[in-house]
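Contents: one structure, followed by commentary.
Hydrogens, waters and symmetry mates are skipped; everything else that's a heavy atom, side chains included, is used. If you read the sequence from its start, that first residue is 1, and numbering goes on from there.
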Amino acid sequence: MYFNVPAGYAQLIPALEGDPEFAGKFFARLRLLFNAAAALPSGLRDRLRDSRRPGGRPPHSVTGSWGTTETAPR
């Protein structure tokens, strides 16, 4: 499982796309990508889904969750 916020994924994705060896190691045992703190923009979610694990398989799951700090009114 890998946890991050959308801004972190925005920095991670170019590294995954630009370095297949790194992407292979990153995804080798990963089964779930998780984000919190804000909604993951659809473009980032699409790029994560297009990322590939060893053997050309996509990530198992990309999911997110919001807690009370993200959903409470101001």
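Residues forming a side chain to side chain contact (heavy atoms under 4.5 Å, CB included) with Pro6 (at least two apart in sequence, or on another chain): Asn35, Ala38, Leu40, Pro41.
Among pairs with a residue in residues 32-46, none fulfils salt bridge (Lys or Arg N to Asp or Glu O under 4.0 Å), at least two apart in sequence or across chains. For residues 3-18, every residue pair satisfying the side chain to side chain donor-acceptor pair (under 3.5 Å) rule, not counting sequence neighbours, is listed here: Tyr2-Asn4, Glu17-Arg47.
Leu16 and Val5 fall into different hydrophobic clusters, where Ile, Leu, Val, Met, Phe, Trp and Tyr residues are linked whenever their side-chain heavy atoms come under 4.5 Å apart, directly or through other members.
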